[in-house]
Student: 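Sharing a structure with you now.
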Amino acid sequence: MITGTVDRAQELAAFLRSRRERLDPGDFGLPTRRQARRTPGLRREEVAELAGVSTDYVVRLEQARGLRPSAEVVAALARALRLTPAERAYLFDLAQQRPRTADELVTTAAAPLARLVDDLSPLPAMLLNHRYDVLAWNDQMARLLVDFGALPPSRRNAVWLCLRHPEIRDFYVDRERVVREGIAHLRAAWAAHPDDRALTDLITACAAGDEQFARWWAESDIEVNGRGRKELRHPEAGLLAVEFETLTPLQDPDQLLVIYRPADEASRSALGRLSTR
C-alpha cells in the first residue's frame with residue numbers, strides 16, 4: 001500500500017477524488033441533472049466550475065498526470081471542495097505550494113525543550129517529533145505510560161506503541177480514536193516530509209502489521225486534535241482520565257510538546273500515587 005517515499009501526484013489524485021466524492025450536490029445548490037448520478041459526490045465538471053478551472057484540468061489532476069497546480073489553483077480547489085484548515089494545509093503540501101522553513105528532520109530533542117519537559121513535573125509530559133518518535137519524557141510520563149528508557153530507540157514511537165506494545169495496546173479506553181488521531185498526524189507529516197524514508201517505513205510496517213491501521217489509513221483523514229481528553233486503564237492506578245494539550249514550539253515547529261493534566265479529582269489522586277511510587 002505504501003512503497004518508497006510519497007508519490008505526490010498519486011496521493012494528490014486520490015485525495016481530490018475522496019474529497020469530491022464525499023460532497024452532497026444539494027449543499028451547493030446545483031441544478032438537478034437529467035442523468036442519474038452513478039457515483040457519490042460532485043461530478044468533476046461541477047468541481048471545475050466551482051474552482052474556476054477546466055474540467056480537463058480536474059480530470060488530469062485526478063488521473064495523476066504530472067500536473068503541479070499553482071498556489072492560486074490549490075486555494076480555489078480547497079474552496080470548491082470545502083476543505084477544513086487541516087485538509088487545506090495537506091493539499092498545499094501535496095502540491096508543494098506551502099511555504100516552508102528549512103526542512104531538516106528532527107531526531108533528537110532540542111536541549112531547552114528537554115529541560116522544559118523535566119520542569120513540567122509533576123505533570124506528565126513528553127516531546128515528540130513529526131513521526132511521533134518520543135524524543136524526551138519526564139518520570140511522570142514514564143510511570144503513566146511505559147518506561148521509554150527500557151525500549152530500544154526504534155520502538156520509542158507513540159503510534160507503534162499504541163498498536164503493538166502489549167502494555168499499551170489496551171491502555172486507552174477509546175483506542176480507536178487515539179489510533180485514528182495518530183494516523184491523521186502521520187498522514188499530514190507524510191505529505192510535509194515526502195523524502196523521509198524512516199517515516200514511510202514506519203507507516204508501511206504499521207499497515208502491514210495491523211489491519212485496522214491499514215483500513216483507517218486508506219480513509220485519508222488528516223484532522224488532528226491538539227487538545228482533548230483520554231481515559232486510561234492503568235495496571236496500578238486503575239481507570240483515570242487526563243486532559244492533554246499539544247504545543248508546537250515556535251523555534252522548533254517539527255517538535256510537539258504533549259502535556260497531560262488530571263481531568264478530575266480521582267485522576268489527580270491516581271497520578272499523585274504514581275508520582276510517589
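FYI, the numbering just counts along the sequence from 1. Any value given below was found using the heavy atoms of this structure, including those in side chains, with hydrogens, waters and symmetry copies removed. Predicted model, so just to flag it, every value in this text is computed and none were measured.
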Student: If you define the side chain from C-beta out and look only at heavy atoms, does anything of Pro112 sit under 4.5 Å from Asp252?
Tutor: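 A side-chain contact under 4.5 Å is absent here.
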Student: Let me confirm one number: the CG-OG distance from Leu274 to Ser269, rounded to the nearest 0.5 Å.
Tutor: 11.0 Å
Student: Fit a plane to each ring of His185 and Tyr132, take the angle between them on a 0 to 90° scale, and name the class: parallel (under 30°), tilted (30 to 60°) or perpendicular (over 60°).
Tutor: parallel
Student: Is any side-chain heavy atom of Tyr260 closer than 4.5 Å to a side-chain heavy atom of Glu245?
Tutor: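 Result no, sub-4.5 Å side-chain heavy-atom pair not found.
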Student: With Arg131 as reference, evaluate Thr107, Asp201, Asp196, Asn157 under the side chain to side chain donor-acceptor pair (under 3.5 Å) test and give the passing residue.
Tutor: Asp196
Student: Quick check: do Leu120 and Leu257 have side-chain heavy atoms less than 4.5 Å from each other?
Tutor: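 Counting from C-beta outward, Leu120 and Leu257 do come under 4.5 Å.
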Student: What are the two closest heavy atoms between Ala270 and Leu240, and how far apart are they?
Tutor: CB-CD2, 4.0 Å
Student: Taking all non-hydrogen atoms of both residues into account, name the closest pair between Phe15 and Ser220 and its distance.
Tutor: CE1-O, 4.1 Å
Student: Cut-off 3.5 Å, no hydrogens considered: what does the side-chain donor-acceptor table look like for residues 73-88, sequence neighbours left out?
Tutor:
unit_1 : atom_1 : unit_2 : atom_2 : d
Arg82  : NH2    : Asp27  : O      : 3.3
Thr84  : OG1    : Glu87  : N      : 3.2
Thr84  : OG1    : Glu87  : OE1    : 3.4
Thr84  : OG1    : Glu223 : OE2    : 2.1
Glu87  : OE1    : Arg22  : NH2    : 2.8
Glu87  : OE1    : Thr84  : N      : 2.9
Glu87  : OE2    : Arg19  : NE     : 3.0
Glu87  : OE2    : Arg19  : NH2    : 3.3
Glu87  : OE2    : Arg22  : NH1    : 2.8
Glu87  : OE2    : Arg22  : NH2    : 3.3

Student: So do the side chains of Ile183 and Asp221 get within less than 4.5 Å of each other, counting heavy atoms only?
Tutor: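 No, too far: nothing below the 4.5 Å cut-off.
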Student: How long is the gap from CG on Asp139 to CG on Asp147, to the nearest 0.5 Å?
Tutor: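 Asp139 CG to Asp147 CG: 9.5 Å, rounded to 0.5 Å.
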Student: Is it true that Glu219 and Arg215 make a salt bridge, defined as a side-chain N closer than 4.0 Å to a carboxylate O?
Tutor: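 Salt bridge: no.
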Student: Other than Val59, what residues sit in its cluster of Ile, Leu, Val, Met, Phe, Trp and Tyr side chains whose heavy atoms are under 4.5 Å apart, directly or through others?
Tutor: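 Val59 clusters with nothing; isolated.
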Student: Kindly indicate whether the side chain of Leu91, heavy atoms from C-beta on, has any atom under 4.5 Å from the side chain of Leu12.
Tutor: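 The answer is yes; the side chains approach within 4.5 Å.
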Student: Counting C-beta onward and ignoring hydrogens, is there a side-chain heavy-atom pair between Phe171 and Val178 closer than 4.5 Å?
Tutor: no
Student: Hydrophobic cluster membership, with links at side-chain heavy-atom distances under 4.5 Å among I/L/V/M/F/W/Y: are Leu116 and Leu247 in one?
Tutor: yes
Student: Is it true that, when you exclude Arg65 itself, more than 12 heavy atoms of the residues, nucleotides or ligands shown sit nearer than 6.0 Å to its CZ?
Tutor: yes
Student: Determine yes or no for a side-chain-to-main-chain donor-acceptor pair under 3.5 angstrom, with Asn138 supplying the side chain and Leu123 the backbone.
Tutor: yes
Student: Looking at Asp170 and Arg233, what are the two nearest heavy atoms and their distance?
Tutor: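 It is O-NH1, 3.0 Å.
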Student: Okay, side chain of Asn129, backbone of Leu135: is any donor-acceptor separation there less than 3.5 Å?
Tutor: no
Student: Would you give the length of the straight line joining atom SG of Cys206 to atom CD of Gln212, rounded to the nearest 0.5 angstrom?
Tutor: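 Rounded to the nearest 0.5 Å, the SG-CD separation comes out at 12.5 Å.
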Student: Within the 4.5 Å heavy-atom criterion, are Tyr57 and Pro69 side-chain neighbours or not?
Tutor: yes
Student: With side chains defined as the heavy atoms from C-beta onward, is the minimum distance between Leu151 and Leu161 less than 4.5 Å?
Tutor: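 They are in side-chain contact.
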Student: Output, in order, the C-alpha distance, side-chain angles, deciding distance and verdict of side chain to side chain contact (heavy atoms under 4.5 Å, CB included) for Val179 and Asp210.
Tutor: CA-CA 11 Å; Val179 174; Asp210 191 285; over 6 Å; no
Student: Are Phe28 and Leu16 grouped together when hydrophobic residues (ILVMFWY) are joined by side-chain heavy atoms under 4.5 angstrom apart?
Tutor: yes
Student: Which word best sums up how the rings of Trp190 and Trp217 line up, parallel for under 30°, tilted for 30 to 60°, or perpendicular for over 60°?
Tutor: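 Perpendicular.
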Student: Counting distance only, does the side-chain N/O of Asp7 pair as donor-acceptor with the main-chain N or O of Gln10 below 3.5 Å?
Tutor: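 Yes, Asp7 side chain to Gln10 backbone: donor-acceptor pair under 3.5 Å.
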Student: Shortest non-hydrogen contact from Arg20 to Glu62?
Tutor: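 Residues Arg20 and Glu62, closest heavy atoms: NE-OE2, 2.7 Å.
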Student: Charged N to carboxylate O under 4.0 angstrom, Glu176 versus Arg180?
Tutor: yes
Student: Starting at CZ of Arg197, measure out to OG1 of Thr200 and round the result to the nearest 0.5 Å.
Tutor: 6.5 Å
Student: If you take all heavy atoms of Ile168 and Cys162, which pair is closest and at what distance?
Tutor: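 Of all heavy-atom pairs spanning Ile168 and Cys162, the closest is CG2-CA, 3.7 Å.
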Student: Does CZ in Arg175 sit with more than 12 non-hydrogen atoms of other residues, nucleotides or ligands closer than 6.0 Å?
Tutor: yes
Student: Whether the side chain of Arg143 engages the backbone of Pro124 through a donor-acceptor N/O pair (distance < 3.5 Å, no angle test) should be reported.
Tutor: no
Student: Is Glu231 salt-bridged to Arg177, cutoff N-O under 4.0 Å?
Tutor: no
Student: State the CG-CE distance between Asp133 and Met126, to the nearest 0.5 angstrom.
Tutor: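 Those atoms lie 11.5 Å apart.
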Student: Nearest 0.5 Å please: distance from the CZ atom of Arg155 over to the CZ atom of Arg164.
Tutor: 7.5 Å
Student: If you look at every heavy atom in Leu127 and Ala109, which pair is closest and at what distance?
Tutor: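 Reported closest heavy-atom pair: CD2-CB, 3.6 Å.
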